[in-house]
Amino acid sequence: MLWCSMHLALRLAPSCQQFPRLCATPEALRTKECCPPWEGDGSACGASSGRGSCQDVEVPDQPDGPQYPFSGLDDRERWPLVFYNRTCQCAGNFMGFNCADCKFGYFGVNCNERRESLRRNIFHLSRTERIRLVSYLNLAKRTVSRDYVVATATYREMENGSVPMFADVSVYDVFVWMHYYVSRDALIGGPGNVWTDVDFAHWAPAFLPWHRVYLLHWEHEIRKLTGDESFTIPYWDWRDAQGCEVCIDELMGGPSPQDPSLLSAGSVFSSWKVLCSRAADYNSRGVLCDATEEGPLHRHPGNQNRNVVQRLPTSAEVEFTLSLTNYDTGAMDRSSNMSFRNTLEGFGDPQTGLGSSSRMGMHAAIHVFMNGSMSSVQASANDPIFLLHHAFVDSIYEQWLRRHRPSPSQYPESNAPIGHNSEYHMVPFLPLHRNKEYFISSKDLGYEYSHLLDARIVTMAVTAAVLTAKRRYGGLPWLPARKWKTLFILPERQPLIWSNDTVESSHRNYQTST
């Protein structure tokens, strides 16, 4: 635990999570203002250069659902007002807690270069690309974040900000903490006194938009750390998989021969330590995670409770989920029937669409199947498989958006569980993002999935393969059949989308549903 003011001498390279060091000082917390200067001109939010300005935070007054019946007890309520009521509001294509960065999909000094990134199937990466992925992950885990610290106490325990209580963590673990913090139980007074039926990023409509923003920021951090602006998160297409295909030492780590619940010594991930993984302990003491290391990663895929999850999701279940026309329904929680969001999240039956399913499906099924760190909601981001998994979940969300083209009004404006209404600011992001802002196509956010490419692009790829074959083999008719077959392998087991139209936009764990 440390005082953030000790770190102000560090060179800042701003980005988009919380808590920025410059906003974690007694002065910033006392004034409730997070408007750091942009290094380019030294003015708050880069105001002198027209990048942004320091403004009052506006929070919505729309009513929340009945799941959380309290007010004024949790720091995440009406985010971010407990900590800050003034933040940088960026102009144009600028973004970041001090407007130093570009909005998703924009690059360049002036954020006027529009580029589209491509997220690819992890099994289509070259050996060099796989090595680079693992190296980047490990670098993020081994590098202390220069820009951010994480809160280890509530605002009240910090004596209303006069005694900042934050901790240094790695770039990777900033995101582990974020996922813990957004999903933790509410501390409502004293040891053991918690409210478990609350989650600002799960079990309700913001599940998909929140994780979309999370992945986008994670990509941004890796690009900043490595200088590799082409980096994208690959996905694991787990449809019809018979086991954990990515659980090999070359990728996310195979099992240890000595203890199959641990990772093989041949994987760099075997030396990783987890944090924020002991929810029951924190609850019993009425405290937040203190961000200290808590032991190795655990994973024992396929050894899960089969009464909860029998197998990994099938292509048919994905297709059924995609066929559901309503984004969310009813109480907009785990009980929602015929809800795309609830079924994809895993609490709606992927064969009937009925909510409050006794068995977990889709997204939740993968978490349960991994039977380890991934199986705890609050601790799941410790396992790097989390990123590959959620990238594929996001691609399914993206296909649903393209297939059904929902109006913005399909995203609920009111009466969703706390944190999930359309205008609510996502916890714990700074700069601020509203849930409704990510109920849009990935193409509007500057990225695409290789298995969602338009059919005409696939046709162009096939044509290119033919031309390559002609050049390579001189157009000779004796090319063996098996070589022709390898030339035309499509990028997926079965494309998730196939269209002739150009598609453009305008203490909880997963073992139980209760």
Side-chain angles (χ1 to χ4, degrees), residues 4 7-8 10-25 28 32-58 79-80 83-115 117 140 143 145-151 166 169 171-172 174-175 177-178 182 209-210 212-229 231-232 425-435 437-438 444-447:
C4 295
H7 299 272
L8 297 183
L10 288 174
R11 178 182 178 273
L12 296 177
S15 182
C16 308
Q17 286 74 244
Q18 65 110 51
F19 287 84
R21 291 185 186 276
L22 285 175
C23 296
T25 65
K32 290 184 177 287
E33 182 170 293
C34 182
C35 294
W38 174 51
E39 286 186 332
D41 63 13
S43 67
C45 312
S48 297
S49 301
R51 298 179 79 95
S53 59
C54 188
Q55 297 183 20
D56 292 344
V57 174
E58 296 182 3
W79 182 261
F83 292 99
Y84 312 108
N85 56 30
R86 285 175 63 78
T87 64
C88 288
Q89 305 296 308
C90 304
N93 295 331
F94 298 113
M95 190 178 76
F97 66 78
N98 62 351
C99 303
D101 296 320
C102 301
K103 283 185 176 179
F104 302 124
Y106 289 89
F107 298 82
V109 176
N110 296 315
C111 300
N112 55 5
E113 299 175 23
R114 176 75 172 171
R115 300 181 208 161
S117 302
T143 305
S145 175
R146 297 181 303 171
D147 308 327
Y148 301 99
V149 287
V150 300
F166 298 89
V169 295
V171 172
Y172 186 95
V174 167
F175 288 87
W177 178 88
M178 289 173 68
V182 76
W210 190 93
R212 170 162 285 191
V213 172
Y214 180 93
L215 294 180
L216 283 165
H217 279 310
W218 198 91
E219 276 180 337
H220 178 86
E221 282 296 295
I222 294 297
R223 291 169 181 170
K224 184 181 70 174
L225 177 65
T226 64
D228 183 355
E229 288 193 347
F231 173 79
T232 57
H425 294 123
M426 295 179 178
V427 177
F429 291 103
L430 286 176
L432 303 175
H433 302 287
R434 297 186 190 273
N435 292 320
E437 295 168 353
Y438 295 86
D444 291 331
L445 299 168
Y447 72 100

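From a predicted model like this one, the values you see are computed outputs, not experimental measurements.
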Query - Partners meeting side-chain hydrogen bond (donor to acceptor under 3.5 Å, both in side chains) with Asn85 (sequence neighbours left out) - result: none
**Report entry** Short N-O contact, Asp147 and Lys224, less than 4.0 angstrom
**Finding:** yes
Query - Cysteines Cys99 and Cys88 with SG distance under 2.5 Å - result: no
Query raised in the report: Less than 4.5 Å apart, any side-chain heavy atom of Glu229 and any of Arg115?
Result: yes
Query raised in the report: Side chain of Ser117, backbone of Thr232: donor and acceptor closer than 3.5 Å?
Result: no
Query raised in the report: With respect to the side-chain SG atoms, do Cys23 and Cys34 come within less than 2.5 Å?
Result: yes
Query raised in the report: Should the pair Asp56-Arg86 be classified as a salt bridge under the 4.0 Å nitrogen-to-oxygen rule?
Result: yes
Query - Pro209 vs Met426 side-chain heavy atoms within contact, under 4.5 Å - result: yes
**Report entry** Donor-acceptor contact below 3.5 Å, side chain Lys103 vs main chain Gly92
**Finding:** yes
Query raised in the report: Does Tyr148 reach the side chain of Met178, with side-chain heavy atoms less than 4.5 Å apart?
Result: no
Report task. Would you please name every residue forming a side-chain hydrogen bond (donor to acceptor under 3.5 Å, both in side chains) with Thr143, sequence neighbours left out? Result -> none
Query raised in the report: Partners of Arg114 by salt bridge (charged side-chain N to carboxylate O under 4.0 Å, His left out), sequence neighbours excluded?
Result: none
Query raised in the report: So, the side chain of Arg21 versus the backbone of Val149: is there a donor-acceptor pair under 3.5 Å, distance only?
Result: no
Query - Results of side-chain contact (heavy atoms from CB on, under 4.5 Å) for Ala140 - residues two or more places apart only - result: Val171, Tyr172, Ile222, Leu225
Report task. Taking the side chain as every heavy atom from C-beta outward, state whether Leu430 and Tyr84 have any atom pair closer than 4.5 Å. Result -> yes
Requested in this report: Please test Arg212 against Leu445 for side chain to side chain contact (heavy atoms under 4.5 Å, CB included), starting from the C-alpha separation and ending with a verdict.
Outcome: CA-CA 10 Å; Arg212 170 162 285 191; Leu445 299 168; 3.8 Å; yes
Requested in this report: Identify, with sequence neighbours excluded, every residue that meets side-chain hydrogen bond (donor to acceptor under 3.5 Å, both in side chains) alongside Glu58.
Outcome: none
Query raised in the report: In terms of ring plane angle, is the pair Phe19 and Trp79 parallel, tilted or perpendicular, where the classes change at 30° and 60°?
Result: perpendicular
Query raised in the report: Below 4.5 Å, heavy atoms only, C-beta onward: do Phe175 and His217 meet side chain to side chain?
Result: yes
Query raised in the report: Is any side-chain heavy atom of Arg434 closer than 4.5 Å to a side-chain heavy atom of His425?
Result: yes
Query raised in the report: Do Phe94 and Trp38 have side-chain heavy atoms sitting under 4.5 Å apart?
Result: no
Requested in this report: Please work out which of the three classes, parallel, tilted or perpendicular, describes the rings of Phe104 and Tyr438, given edges at 30° and 60°.
Outcome: perpendicular
Query raised in the report: Does the ring centre of Phe429 sit less than 6.0 Å away from the ring centre of Trp210?
Result: yes
Requested in this report: Return the set of residues passing ring pair (Phe, Tyr, Trp, His ring centres under 6.0 Å) with Tyr447 (not counting sequence neighbours), or none when no residue passes.
Outcome: Tyr449
